[in-house]
Amino acid sequence: MGGQTWLETWQGVAADGCGTPVSPFDGSGSFTYSYTSTTLTLIGEGAHIGLAKVNNAGEISNGAPLASQIAYTIVEQSQEGDVRRMTLRIEAGSGVWWDFKLISGTPASAPLAGTWKMEPVEGAFAVGPSAGSREWFFNTTADVSTRACFF
């Protein structure tokens, strides 16, 4: 969040790029979450992981309503030394699947504690017509620099 957030034109900016998000996507709301070994649910309008436009009803940029709750499937969680990784998947409407790969460098006793960010690798976020597909879009290695604020 803050002045280095990836924004898209549907958020009221002239062109896709880094900037300061506006409410309710600026982190100023009242948010909470629930967590199981298979699901992470964010509660509160504007709460999101990955791209703000993606929720269980579809993509806001394509006319989906703002969600008060978003459920992500936890596809993978791992820890290697001081590095923790987690991959979240969400079906954003019928047959639209997004994956978000996250990384945290702070070991913690609680699975979600620490500072998480998008993993700066090719395919850290992707979308396709089936779970795990990146047929429609995935970030490239070059996007890690181009969209540096996102990572």
Side-chain angles (χ1 to χ4, degrees), residues 1-35 39-79 82-93 96-108 110-128 132-151:
M1 298 293 165
Q4 289 297 306
T5 300
W6 182 257
L7 302 175
E8 297 176 310
T9 55
W10 70 268
Q11 291 168 291
V13 294
D16 293 353
C18 299
T20 302
V22 296
S23 181
F25 304 104
D26 61 356
S28 64
S30 178
F31 308 111
T32 188
Y33 68 92
S34 67
Y35 168 81
T39 306
L40 173 59
T41 302
L42 303 184
I43 303 160
E45 282 191 354
H48 66 279
I49 293 176
L51 297 171
K53 69 182 177 184
V54 180
N55 66 52
N56 301 112
E59 296 177 11
I60 295 171
S61 59
N62 292 332
L66 180 62
S68 61
Q69 184 169 291
I70 302 174
Y72 300 87
T73 299
I74 299 170
V75 176
E76 178 261 344
Q77 277 187 293
S78 65
Q79 181 168 341
D82 288 345
V83 177
R84 292 182 300 152
R85 288 185 170 82
M86 179 169 35
T87 300
L88 300 178
R89 180 170 291 149
I90 181 171
E91 186 174 16
V96 179
W97 294 87
W98 282 89
D99 281 2
F100 297 105
K101 293 182 181 182
L102 306 166
I103 190 168
S104 177
T106 306
L112 299 179
T115 302
W116 290 88
K117 64 179 185 173
M118 293 300 298
E119 187 169 4
V121 297
E122 179 177 296
F125 64 105
V127 62
S133 170
R134 37 189 241 179
E135 181 178 327
W136 294 335
F137 175 83
F138 64 93
N139 72 284
T140 65
T141 302
D143 288 331
V144 173
S145 296
T146 305
R147 300 176 184 223
C149 63
F150 185 71
F151 294 95

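Sequential numbering from 1 along the given sequence is applied to the chain's residues.
With hydrogens and angles ignored, the 3.5 Å screen pairs no side-chain donor or acceptor of Y35 with any backbone N or O of L112. In this structure, the side chain of R84 engages the main chain of P111 through a donor-acceptor pair within 3.5 Å.
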Under the criterion side chain to side chain contact (heavy atoms under 4.5 Å, CB included), I'd like the reasoning laid out for L51 against F150: C-alpha separation, chi angles, the key distance, then a yes or no. CA-CA 9 Å; L51 297 171; F150 185 71; 3.5 Å; yes
Given R89 and T73, is the side chain to side chain donor-acceptor pair (under 3.5 Å) satisfied, shown in steps? CA-CA 5 Å; R89 180 170 291 149; T73 299; over 6 Å; no
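Under the side chain to side chain contact (heavy atoms under 4.5 Å, CB included) criterion, V96 pairs with E59, A92, W98, V127, W136, sequence neighbours left out.
Taking the side chain as every heavy atom from C-beta outward, D99 and R134 never approach each other to under 4.5 Å. Side-chain contact check for N139 versus F151: some heavy-atom pair is nearer than 4.5 Å. Between I103 and P120 the shortest side-chain heavy-atom distance falls below 4.5 Å. Inter-residue side-chain proximity for V54 and F100 is flagged as met; some heavy-atom pair is nearer than 4.5 Å. Looking only at side-chain heavy atoms (C-beta outward), I74 and Y72 stay at 4.5 Å or farther from each other. Looking only at side-chain heavy atoms (C-beta outward), T115 and K117 stay at 4.5 Å or farther from each other.
Taking every heavy atom of both residues into account, L66 and P24 meet most closely at CD2-CG, 3.7 Å. Taking both residues in full, the closest heavy atoms of F31 and E45 are given as CE2-O, 3.2 Å, listed atom of the first, atom of the second, then distance. Taking all atoms of both residues into account, the shortest heavy-atom contact from V144 to V121 is CG2-N, 3.9 Å. Across A57 and P65, no two heavy atoms sit closer than the pair CB-CD, 4.1 Å. The nearest pair of heavy atoms linking K53 to S61 is CD-OG, 3.4 Å. In terms of heavy atoms, P21 sits closest to G19 at CD-O, 3.7 Å.
A perpendicular orientation is assigned to the rings of H48 and F25, their planes being inclined by more than 60° (bins at 30° and 60°).
The distance from the CG atom of N55 to the CG atom of L42 is 11.0 Å, given to the nearest 0.5 Å. Annotation: the span from W116 atom CH2 to M86 atom CE amounts to 4.0 Å, rounded to 0.5 Å. Atom-to-atom distance recorded for C18:SG and L7:CG is 8.0 Å, nearest 0.5 angstrom. Atom CD of Q11 is separated from atom OG1 of T5 by 9.0 Å, given to the nearest 0.5 angstrom. Distance check, rounded to the nearest 0.5 Å: CD of Q69 to CD1 of I43 gives 5.0 Å. To the nearest 0.5 angstrom, Q79 atom CD is 11.0 Å from R85 atom CZ.
Residue Y33 qualifies as open at atom OH: its count of foreign heavy atoms under 6.0 Å is 12 or below.
Residue pairs meeting the salt bridge (charged side-chain N to carboxylate O under 4.0 Å, His left out) criterion with at least one member in residues 16-27: none, sequence neighbours excluded.
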